Amino acid sequence: MPENTAPVAPVKRKRIDHLDTMRGMCLLFVNYFHSSISLAFLQYVSAICVHPFIFMAGYFYNSKKELRDTLHKKLRTMILPYYLFGLGYYLLWLLAFRNSDRDIVEPLRSVLFMPTSAFPIEPSVYFLPMMFSATMIFALIVKYIKSEPLKLAVVLAVTFVGNIWTSVFTVRLPMALDCAFGVLIYIYLGYHGRTIIAAVDSTVAHIDSDILRFAVFLTVSVVNYICIISNFIPNLRNGVWSNIPFTHLNTCTTMLLWVYFFRWFEKPRVFAPVRRVLKYIGENSMTFMCFSHVGLYTGLFVVERLPLGGSLRNILYFALGTLAVVPIVTLFNKTKLHYLFGK
């Protein structure tokens, strides 16, 4: 398969609209997963909420960049913000529970090197060291293994180790390394994503009828959904992968279906307001990710003081929990804080 061979020059990458929209929807799914407002679609959400971010890391990976440059960038945009946010959340947590008899060492240990443990306030931040570890492992594989079949074999072996880690060992690896092992396959697939999508596009092109294409899309979506709900709920942070082959097949199929859906979603003018919202979230997805629980805590604080219940309360909680992060995003975008995420 051809490798990504983008020029090394630091040009500003052109954004791909349907991928930004897709990121935005994934972030809303992350909030849905964290809010626990309903179990109705939890299994489906757990199969797709963060995996596209990992896939896109491979999709945009530049194999021509020097390894030390990749390391420097990932340290600055993943590890530095991880420790800044982690220590900040720990201090806030200490302030909130200063008069309690809670263990103050375990959360600090979690912040320093074990983000899959008792991380204070915002456990979503574990995503940063996990992505750092997965990206650097993949960078090493790409640099030092030239044979494509051998690359794939190594990626599959490492992924399998990550998938079975928590069922074999009682100790988690530092810096979410076991999680990074388990998602390595998605970076690899993203790295070859252009080739994979082009091959599927070529197959779809043989279906002349739009109605038949829709019927195929709907059939695959329904079968995939049945497979997802037949599987136990996977949880990436906790190292729960359920039935490993089904989990990966479901996730990869869902991501491919989403690519086609969001390509189509870019066209109808009636969806323009929704697209703008999703793109805004997608373009600032890492900020939304790192403040997901903070926003939801804010939303919960508000709705608990309102005379509401049932679905209306849940919808308002979810909406306010997402909107509460917007001022933080604005602060990041209008100050030098946005450099934390490499923008």
Side-chain angles (χ1 to χ4, degrees), residues 26-37 49-50 53-54 74-135 172-180 235-239 281 284-304 317-318 320-343:
C26 288
L27 200 285
L28 292 182
F29 272 21
V30 169
N31 274 10
Y32 176 88
F33 188 86
H34 291 159
S35 67
S36 300
I37 57 177
C49 57
V50 298
F53 294 105
I54 305 164
K74 298 308 176 185
L75 285 171
R76 179 173 66 83
T77 60
M78 292 180 181
I79 298 303
L80 176 60
Y82 167 74
Y83 279 116
L84 288 176
F85 293 147
L87 292 173
Y89 284 134
Y90 179 69
L91 292 176
L92 288 174
W93 182 86
L94 279 180
L95 184 64
F97 296 103
R98 61 188 181 279
N99 296 322
S100 72
D101 58 354
R102 296 195 180 197
D103 180 4
I104 65 172
V105 176
E106 181 60 23
L108 179 60
R109 172 180 173 272
S110 181
V111 168
L112 292 179
F113 63 91
M114 194 62 72
T116 51
S117 182
F119 201 95
I121 300 180
E122 188 59 75
S124 300
V125 178
Y126 93 96
F127 187 79
L128 293 173
M130 181 200 72
M131 279 299 297
F132 170 80
S133 300
T135 303
R172 303 297 297 274
L173 292 176
M175 301 307 286
L177 194 57
D178 50 319
C179 297
N235 187 305
L236 202 159
R237 180 173 182 266
N238 294 336
I281 297 173
N284 299 283
S285 54
M286 291 311 299
T287 310
F288 274 97
M289 179 85 75
C290 291
F291 292 92
S292 170
H293 284 83
V294 173
L296 289 171
Y297 290 145
T298 305
L300 186 62
F301 178 83
V302 174
V303 298
E304 283 185 338
Y317 164 44
F318 179 79
L320 291 176
T322 304
L323 288 171
V325 184
V326 172
I328 301 174
V329 172
T330 303
L331 175 64
F332 269 69
N333 288 344
K334 291 187 177 298
T335 65
K336 291 185 177 181
L337 288 172
H338 63 83
Y339 287 112
L340 284 174
F341 294 123
K343 295 181 180 179

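What you see is a predicted model, and the numbers here were worked out from it, not measured in a lab.
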Minimum heavy-atom distance between A134 and A180, given as atom pair plus value: N-CB, 3.5 Å
d(M286 CE, M131 CE) to nearest 0.5 Å is 7.5 Å
Are more than 12 heavy atoms from other residues, nucleotides or ligands located less than 6.0 Å from atom CZ of F301? no
Give me the atom names and distance for the closest heavy-atom approach of K74 to T135. CE-CG2, 3.7 Å
Can you tell if the side chain of V111 reaches within under 4.5 Å of the side chain of L87, non-hydrogen atoms only? yes
Is the shortest heavy-atom distance from the side chain of Y90 to the side chain of I121 under 4.5 Å? no
Within this structure, what is the CG-OG1 distance for the pair N284 and T330, rounded to the nearest 0.5 Å? 8.5 Å
Please tell me if the side chains of W93 and I104 come closer than 4.5 Å, counting only heavy atoms from C-beta onward. yes
What closest approach, in Å, do A176 and T116 show between heavy atoms, and which atom pair accounts for it? CB-CG2, 4.1 Å
Under a 4.5 Å cut-off applied to non-hydrogen side-chain atoms, are M130 and L236 in contact? yes
d(L323 CG, F318 CZ) to nearest 0.5 Å is 10.0 Å
Below 30° counts as parallel, above 60° as perpendicular, anything between as tilted: where do the rings of F332 and F85 land? tilted
Indicate yes or no: at least one non-hydrogen side-chain atom of Y82 is less than 4.5 angstrom from one of F132. no
What pair of heavy atoms forms the shortest contact from V325 to G321, and how long is it? CG2-O, 3.7 Å
To check you understand the geometry: which heavy-atom pair defines the closest contact between S35 and L296, and what is its length? N-CD1, 3.9 Å
Over all atoms of both residues, closest heavy-atom pair of L27 and S285: CD2-O, 3.8 Å
So, using side chain to side chain contact (heavy atoms under 4.5 Å, CB included) as the criterion, who are the partners of R109 when residues are at least two apart? E106, F113, M114, S117
Taking only residues at least two apart or on different chains, which pairs with a member in residues 284-297 satisfy salt bridge (Lys or Arg N to Asp or Glu O under 4.0 Å)? none
Determine which pairs satisfy side chain to side chain donor-acceptor pair (under 3.5 Å) with at least one residue from residues 290-303, sequence neighbours left out, and list them in order. N31-S292, H34-S292, E122-H293, S124-H293
Hey, is the main chain of F127 close enough, under 3.5 Å, to the side chain of R237 for a donor-acceptor pair? no
Mind checking whether L128 and C290 have side chains closer than 4.5 Å, heavy atoms only? yes
Exactly one of I281, L331, V329 clears side chain to side chain contact (heavy atoms under 4.5 Å, CB included) with T287, and that residue is V329
